[in-house]
Amino acid sequence: MHMSIRVAVSGASGYVGGEVLRVFSGHPDVEFGALTAHSSAGDALGAHQPHLRHLAERVIVDTTAENLAGHDVVVLALPHGASAEVAAQLPPETLVIDCGADHRLESAQAWAEYYGGEHAGTWPYGMPELITPSGHQRDALPGTRRIAVPGCNVTAVTLGLQPGVAAGVVDPSDVVAVLANGYSGAGKKLAVPYLASEALGSAQPYAVGGSHRHVPEILQNLASAGAEGARLSFTPTLVPMARGILATVTAPLAEGVNVEAVRAAWEDAYADEPFVHLLPEGQWPTTAATLGANTCLVQVAVDGKAGRVVVVAAIDNLVKGTAGAALQSMNVALGLPETTGLTTIGVAP
């Protein structure tokens, strides 16, 4: 016997909203209520998400508190700065899942520096696998009615490096992360850098020099895993693919650590995780292997000549990086098996 979970999705015409609808459609207990947006209100969903054939004739309505009221779950797939106002109008008994950045950061100062404006407050963080001082973040999610879904880049870097931080095998004072990112992470908007004539056959860095908005969130997560005072150099690069993040993260091998202890840290951390998989030695993650799946594939090695630990992590930015994390966290919050409705099966080639 299945329970019925009535879900509304705001921002349904965008990439994240479309992926929320696709991923949540695989959940046996979910039925969709209002599908909302702003500029596309009045359109059939199929005009914006033609791949969602089962929902193609549904009409998008305006994003208002009235249209979102009366649902068990409301998923907000809105630009940063837009979620807080909507969420504030929703009843406390509604499970609100924010896929935007408004409620991720604990520091109001970091919010002001990287996003600007007034900090909307901090919600329980929607990364069940995050290592915390008392265990894992999943322990804080049961029964909550507000969840902040992590940033996609944050997910790749955090899940890649946190076992080494928690086990003390890396020195977090010099973390370097370089990411290859698919274009869907930039959202569905018209801008010159995202035109095919600019993007195809080209790789281009962005938000260089510590200016990316995900930096404080990554540092917040590394602190949760035990790396207070971590320093991070973070450089994302757009590459010509629609989906995916391949994160290469390095940090110095901690003083006095035996090399054999390094892989053991990752094995111990992820032995029982359903969606984070440490690959066999010698096999490296690829974004293709995570396409459409709620998986994070990880590999770790020690560069002995450089004295650094090298971690490579791959995710689908729209699934494990966003919509899959939202559904995974919803399951935990509602007391359902964490894996319900989620797949680890990728699409290849």
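No experiment lies behind these values; they were computed from the predicted model shown. Start at 1 with the first residue, then count along the sequence.
Taking all atoms of both residues into account, the shortest heavy-atom contact from Thr122 to Glu106 is OG1-CA, 3.3 Å. For the pair Trp266 and Val309, the tightest heavy-atom approach, listed with the atom from each and the gap, is CH2-CG1, 4.0 Å. In terms of heavy atoms, Gln299 sits closest to Pro285 at CB-CD, 3.6 Å. Residues Ile315 and Cys152 come closest through the heavy atom pair CD1-O, 3.4 Å. Nearest heavy atoms, Gly168 versus Val257: O-CG2, 3.8 Å. Across Trp284 and Ala301, no two heavy atoms sit closer than the pair CH2-CB, 3.9 Å.
By the neighbour-count criterion of 12 heavy atoms within 6.0 Å, atom CZ of Arg231 is sparsely surrounded, having that number or fewer from other residues, nucleotides or ligands. Residue Glu93 places its CD atom among more than 12 non-hydrogen atoms of other residues, nucleotides or ligands, all under 6.0 Å distant. Counting non-hydrogen atoms of other residues, nucleotides and ligands closer than 6.0 Å to CD of Glu198 gives a total above 12. Within a 6.0 Å sphere centred on CD1 of Ile345, other residues, nucleotides and ligands contribute 12 heavy atoms or fewer.
Proximity of the aromatic rings of Tyr206 and His212 is defined here by a centroid distance below 6.0 angstrom, and this criterion is met.
The main-chain N or O of Asn153 is never found under 3.5 Å from a side-chain atom of Glu217 such that the two would form a donor-acceptor pair. With His27 contributing its side chain and Asp29 its backbone, the two residues share a donor-acceptor pair below 3.5 Å. Judged by distance alone, with hydrogens and angles left aside, the side-chain atoms of Thr94 form no donor-acceptor pair with the main-chain N or O of Asp72 at under 3.5 Å. Panel note: side chain Gln49, backbone Ser13; a donor-acceptor pair is recorded below 3.5 Å. Counting only distance, with no hydrogens or angles, the side chain of Asp102 and the backbone of Ser83 share a donor-acceptor pair below 3.5 Å. At distances below 3.5 Å, not a single donor-acceptor pair connects side-chain atoms of Arg6 with backbone N or O atoms of Glu31.
Leu161 and Tyr270 end up in the same hydrophobic cluster when Ile, Leu, Val, Met, Phe, Trp and Tyr side chains are linked at under 4.5 Å. Residue Val9 is not grouped with residue Trp123 when hydrophobic side chains (ILVMFWY) are merged at heavy-atom distances under 4.5 angstrom, including chains of intermediate members. No path of Ile, Leu, Val, Met, Phe, Trp and Tyr side chains, each step under 4.5 Å between heavy atoms, connects Leu68 with Val7, placing them in separate hydrophobic clusters. Placement of Val96 and Ile147 in two distinct hydrophobic clusters is found when ILVMFWY residues are connected by side-chain heavy-atom separations under 4.5 Å, directly or transitively. The hydrophobic cluster containing Val170 also contains Val311, counting ILVMFWY residues as joined when their side-chain heavy atoms lie under 4.5 angstrom apart, directly or transitively.
Side-chain contact between Leu52 and Arg58 is absent, with no heavy-atom pair separated by less than 4.5 Å. Side-chain contact between Tyr114 and Leu105 is absent, with no heavy atoms from C-beta onward closer than 4.5 Å. Between Pro240 and Ser202, the closest side-chain pair of non-hydrogen atoms is not below 4.5 Å. Here the side chains of Val175 and Phe234 are not in contact, with every heavy-atom distance at 4.5 Å or above. Residues Cys99 and Val20 have side chains in contact (heavy-atom distance under 4.5 Å, counting atoms from C-beta outward). In this structure, Val319 and Arg243 have side chains that are in contact, with non-hydrogen atoms separated by less than 4.5 Å. Contact annotation: the side chain of Met330 approaches that of Val73 to within less than 4.5 Å [non-hydrogen atoms, C-beta and beyond]. Contact annotation: the side chain of Val74 never approaches that of Val86 to less than 4.5 Å [non-hydrogen atoms, C-beta and beyond].
Atom CG of Asp98 sits about 7.5 Å away from atom CG of Leu78, to the nearest 0.5 Å. Atom CG of residue Leu327 and atom CG of residue Asn331 lie 5.0 Å apart, to the nearest 0.5 angstrom. The distance from the CG atom of Leu159 to the CD atom of Glu273 is 8.5 Å, given to the nearest 0.5 Å. To the nearest 0.5 angstrom, Leu90 atom CG is 10.5 Å from His71 atom NE2. Remark: Leu141 CG to Glu338 CD distance equals 8.5 Å, nearest 0.5 Å. Distance check, rounded to the nearest 0.5 Å: CD of Gln89 to CD of Glu66 gives 7.0 Å.
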Side chain to side chain contact (heavy atoms under 4.5 Å, CB included) evaluation trace for His48 with Asp43: CA-CA 8 Å; His48 301 273; Asp43 296 349; 2.8 Å; yes
May I have the step-by-step check of side chain to side chain donor-acceptor pair (under 3.5 Å) for Thr295 and Thr344, ending in yes or no? CA-CA 6 Å; Thr295 48; Thr344 58; over 6 Å; no
For side chain to side chain contact (heavy atoms under 4.5 Å, CB included), just list the numbers for Tyr125 and Val154, CA-CA rounded to whole Å, side-chain angles, deciding distance to a tenth of an Å, and then say yes or no. CA-CA 12 Å; Tyr125 196 62; Val154 179; 3.5 Å; yes
Could you walk me through whether Asp171 and Ser173 pass the side chain to side chain donor-acceptor pair (under 3.5 Å) check? CA-CA 6 Å; Asp171 175 0; Ser173 68; 2.8 Å; yes
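Note: Trp111 and His80 have perpendicular aromatic rings, judged against thresholds of 30 and 60 degrees for the angle between ring planes. Ring pair Tyr194/Tyr183 is perpendicular by interplanar angle, where above 60° counts as perpendicular and below 30° as parallel.
When the side-chain hydrogen bond (donor to acceptor under 3.5 Å, both in side chains) test is applied to Asn317, the partners found at least two apart in sequence or on another chain are Ser184.
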